[in-house]
Protein chains: 2
Amino acid sequence: MSLPDLTFDVIDRRILAALQDDATLSMNEIAARVGLSATPCWRRIQKLEEAGIITKRVALLHGPSIAAGVSVFVSVRTNQHTDEWLKRFAEVVSAMPEVVEFYRLSGDIDYLLKVVVPDIAAYDAFYKKLVSKIDLSDVSSSFAMEEIKYTTALPLDYMKVDKRPATSV
Amino acid sequence: MSLPDLTFDVIDRRILAALQDDATLSMNEIAARVGLSATPCWRRIQKLEEAGIITKRVALLHGPSIAAGVSVFVSVRTNQHTDEWLKRFAEVVSAMPEVVEFYRLSGDIDYLLKVVVPDIAAYDAFYKKLVSKIDLSDVSSSFAMEEIKYTTALPLDYMKVDKRPATSV
DNA sequence: GGTGAAACGACCAGATT
DNA sequence: AATCTGGTCGTTTCACC
């Protein structure tokens with residue numbers, strides 16, 4: 001789903017950058033940071049939310065502290081390709097809380113899952129649960145030995161920015 | 001980095017669940033939801049932040065609207081394994097804003113990157129930039145055709161929970 | 001753990017540049 | 001469009017029970 005094509009200016013981009021990094025900033029802090037006063041800044045943020053550009057605000061947790069410190073990437077290949085099977089597969093997998101990301105891919109791997117568990121034993125249990133629920137022809141797992149980078153901040157560098165006297169959003 | 005082992009009770013878990021899902025909830029809303037009044041609830045959240053369990057609060061954006069709608073998974077195999085090379089690799093890749101996740105893996109693939117770009121052409125440019133910066137023996141890319149699930153919410157199901165008196169409802 | 005209250009920030013309206 | 005001012009309302013935060 002792609003939304004109505006909007007145009008942004010530099011200020012909008014700065015606002016998004018700030019909020020992507022820290023959603024606890026007060027209106028005054030954001031306003032100061034982007035070079036605006038509080039009110040127009042607030043209005044812009046309202047619009048960005050209404051337009052669905054800002055989708056939600058969430059707290060991020062430290063995995064290891066809550067027994068969710070091990071990430072596993074699961075590659076799935078299948079020979080089943082009916083709509084029926086696919087629908088069920090998507091539902092079953094999406095419902096599992098350990099699965100934090102789930103994509104259909106191009107290339108020789110059909111699906112990729114990112115799974116978060118406390119340890120290898122728990123992954124084994126997860127794996128068994130998974131394969132018991134659906135028929136998968138080929139599943140292969142890789143453990144993340146090290147998380148070198150993880151960010152929820154999308155690159156804003158590709159945003160088309162209107163140089164205009166700010167008729168934005 | 002794993003933090004001092006704390007014990008949680010059911011209330012803490014509920015608080016984390018709420019905040020993982022929606023960080024805009026007011027103290028009163030959270031308090032009501034977890035069965036507590038605002039102040040003790042606020043104190044718990046303070047502690048969870050101080051302890052580093054809650055790491056940050058961020059806004060999530062709608063990728064397609066900001067020209068960041070295409071995810072690519074990049075598998076890297078290398079024969080270089082010196083600390084020197086590795087350090088440089090980690091630095092160079094981490095500094096690229098298109099790279100939103102970056103792991104060292106077990107198994108036959110050494111590194112996995114999740115890269116976000118606006119389109120295939122931009123990925124091609126990214127790829128060229130990447131390989132120009134560091135020597136990589138084997139790089140293979142898969143495009144996400146469909147994002148079936150993406151959540152920043154870690155599973156709380158594995159948290160060890162103290163059944164202690166701890167609470168009144 | 002709870003209560004009450006002061007301090008603060010969000011939100012909105014009106015007037016102005 | 002942006003800014004400023006003012007005022008209300010809800011929230012956060014803290015001293016105290």
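Chain A is the first sequence line, chain B the second, and so forth, proteins listed ahead of strands; every chain is numbered from 1.
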Does [N] have OP1 or OP2 sitting under 4.0 Å from an N or O in the side chain of [X]?
X: W42(B); N: dT12(D); answer: no
X: S37(B); N: dG2(C); answer: yes
X: R44(A); N: dA1(D); answer: no

How many whole angstroms separate atom [atom1] of [X] from atom [atom2] of [N]?
X: L36(A); N: dT3(D); atom1: CG; atom2: C1'; result: 9 Å
X: K47(B); N: dC14(D); atom1: NZ; atom2: C1'; result: 15 Å
X: D162(A); N: dA1(D); atom1: CG; atom2: P; result: 13 Å
X: M27(A); N: dT12(D); atom1: CE; atom2: C1'; result: 17 Å
X: I45(A); N: dC12(C); atom1: CD1; atom2: C1'; result: 16 Å
X: L25(A); N: dT12(D); atom1: CG; atom2: P; result: 16 Å
X: I11(A); N: dA2(D); atom1: CD1; atom2: P; result: 8 Å
X: I30(B); N: dG10(D); atom1: CD1; atom2: C1'; result: 15 Å

Please work out whether the ring planes of F89(A) and Y111(A) are parallel, tilted or perpendicular, with thresholds of 30° and 60°.
perpendicular
Closest nucleotide among dT3(D), dT13(D), dT11(D) to the P40(A) side chain:
dT3(D)
Could you go step by step and tell me if D108(A) and R77(A) meet the salt bridge (Lys or Arg N to Asp or Glu O under 4.0 Å) rule?
CA-CA 8 Å; D108(A) 57 326; R77(A) 233 182 296 247; 3.5 Å; yes
Quick check: Y103(A) with F73(B) (ring centres under 6.0 Å apart)?
yes
Kindly indicate whether the side chain of R43(B) and the base of dG2(C) share any N or O donor-acceptor pair separated by less than 3.5 Å?
yes
Check: dC14(D) base within 3.5 Å donor-acceptor of T39(B) side chain
yes
For R13(A), does the CZ atom sit with more than 12 other heavy atoms under 6.0 Å from it, leaving out its own atoms?
yes
Go through the steps for R88(A) and E84(A) under the test salt bridge (Lys or Arg N to Asp or Glu O under 4.0 Å), then give the verdict.
CA-CA 6 Å; R88(A) 179 168 151 69; E84(A) 196 68 24; over 6 Å; no
